[in-house]
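In this text the structure is predicted, and so the values were computed from the model without any measurement. FYI, side chains are in, hydrogens and waters are out, and symmetry mates aren't considered; it's all heavy atoms of this structure. When a ligand or atom number is given, it counts from 1 through the structure's own listing order.
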Amino acid sequence: MNIFIKNLVLILLITGAFSCEKHLPVFTMDQVALIPYPNSVSPSVEVLNVKKIKSIQFDESNSTLVEMGLDLQSFWTAHTQLEVGLKNKAENNSNAISLEVKDFSNQNEEYYQLQMGENQISILGQTAAGVYRGVKTLEQIISLSHLSGVQTIKALPTGTIEDAPVYGYRGAMLDVSRHFFSVEEVKRYIDLLSIYKINFLHLHLSDDQGWRIEIKAWPKLTSIGGKTEVGGAEGGFYTQLDYKEIVAYAQRRFITIVPEIDMPGHTNAALASYAELNCDNEIKSLYTGIEVGFSTLCVDKELTYEFVADVISEISAMTPGAYFHIGGDESHVTPKKDYIKFMNRVIDIVKQNNKIPMGWDEVVLADIPEVTVAQYWAKAENAIMAMDKKANVLMSPASYAYLDMKYDSITKLGLKWAGYISVQKGYEWDPAELVPELDPTRIIGIEAPIWSETLEDFDDIAQMAFPRLLGYSEIGWTKSEKRNWENYSSRLSYHSAILDSLDVKYYPSNEVNWK
Ligand code: TNX
């Protein structure tokens, strides 16, 4: 087609004059309000009429691609009301969406290319994870092409996106201890994380108020320690089957589960389950308040280490991911020398289970091996000490990245000990610059924790996490020179369409002109 005819077709499609169908895309590819914004977008003038797509094709011997194809097939049909078949990879890409793993030597493992032409879409990824991130970009392009009131997509913009993340670790943390969240609720959170290319979900599985994961060698942890939650209502726990189901569900969405057992403090639920874990052999009562820093495992008892070894080995055996989080925060009643002695032994147990130890920033007081990840939440000096010990740092600064902090003085839910975090404040910071002394090459990424002292159900979680989580996803993925609040907040305003369609009760902050 020569350029004149192309432009004419484009204009006709956009104005709806070409067919009786209205509501064709008004966006070119670079104008789509993608979050996280891709690192390179080259729009072209053609329009892709969705009726031209007849199939999704991929290498059928690759079971991961088969799963992706099936998921994309239902997404496509839901948004276009058109059926597409699935077929084995063919030479000819036209009239198809093709998904393919391809070696682009030296590229990041999540690198992908998304090419959209008049009658075909192709997604090439350095690995299956890369293909998956590309599929998520395509799905956002589709979702954001719903103009107000339009249920069915007729046409899509074209062009090429080349993209890869700045950080390999883009995480969220969910506290299922203070209030328990069901397997279905965790899956729903995972679905939402996947839309925004988050690739780690850290589960805070134990704390003073509840032990939430079945340990076969210590059954009372859940039968007693899992009974209640903050406020005294019924708690709950994941059986090992439940946990495996969560891990597999996350894996299909290229999200790695990081299990956390918080030690030696934050352990009242365990101390209330087994008298013998206490130094004085006196069993503790279950705790349903929200104080921190009053409990500790008994560092001098050999039984404590047998307990920890059982817990870490049972959970590690069900966890394909590389990390095991051992907590280590706010152990205010554990003398420092005991803390160090305890953490050193626990780190050895983690290593024996072939996992990489991760801990809240206080963990740097122990003799941490170089692979350790210190999660910076409170003390910059700890992050710097991690670097001096040649360990790595995960950025979760409480005053910028804590999803349980209130947005402002009128937010009903949440806490405010680290200050208010507006949508803008949560977005406008750079992990590589926050602690100037920190060597940026030691930073593996960012994680946004959500602590659930005040959060009782999924709608409460949604209100605190959304929309701020989208900002953390962009900080983790998009180069800092491509990020600015004005541009981001205008893109964010369109994501109400995605969140509303999924019945996510986000906080409609007036910092954003929601569409
Ligand atoms: C501090 S952050 C804690 C948690 C609380 C949180 C509430 C961290 C490592 N410890 O035990 O839930 O504040 O915001």
Minimum-distance protein heavy atom relative to atom 12 (O) of ligand 1: E453 OE2, 2.6 Å
Which of the ligand 1 atoms, numbered from 1, are nearer than 4.0 Å to a heavy atom of W360: 9 (C)
Between CZ on residue F342 and OH on residue Y305, distance to nearest 0.5 Å: 6.0 Å
Results of ring-ring contact (aromatic ring centres under 6.0 Å, His included) for Y494 - residues two or more places apart only: F27
Check: W360 ring centre within less than 6.0 Å of H202 ring centre: yes
Atoms of ligand 1, numbered as shown, that sit under 4.0 Å from any heavy atom of M405: 14 (O)
Shortest protein contact, atom 1 (C) of ligand 1 (heavy atom only): E330 OE2, 3.3 Å
Passing option when F180 is tested against F458, F237, Y238 for ring pair (Phe, Tyr, Trp, His ring centres under 6.0 Å): Y238
Distance under 6.0 Å and angle within 45° of ring axis: K482 vs Y37: no
Heteroatom distance test (W451, ligand 1): nitrogen or oxygen, under 3.5 angstrom: no
Proximal atoms of ligand 1 relative to L415 (non-hydrogen, under 4.0 Å): 7 (C), 14 (O)
Geometric cation-pi criterion R468 and Y407, 6.0 Å radius, 45° cone: yes
Atom 2 (S) of ligand 1: nearest protein contact (heavy atom, Å): Y402 OH, 2.5 Å
Contact atoms of ligand 1, heavy-atom distance to D404 under 4.0 Å: 7 (C), 14 (O)
Protein residue, atom and distance nearest to atom 8 (C) of ligand 1, heavy-atom basis: D329 OD2, 3.3 Å
Candidates Y196, Y506, F466 - the one meeting ring pair (Phe, Tyr, Trp, His ring centres under 6.0 Å) with H495: Y196
Test of proximity, W417 against ligand 1: N or O pairs below 3.5 Å: yes
Minimum-distance protein heavy atom relative to atom 11 (O) of ligand 1: R178 NH2, 2.9 Å
With F75 via ring-ring contact (aromatic ring centres under 6.0 Å, His included) - residues at least two apart: H79
Ligand-residue contact atoms, ligand 1 with H266, heavy atoms, under 4.0 Å: 11 (O)
Neighbour count above 12 (heavy atom, 6.0 Å) for K515 NZ: yes
Contact (N/O only, under 3.5 Å) between D175 and ligand 1: no
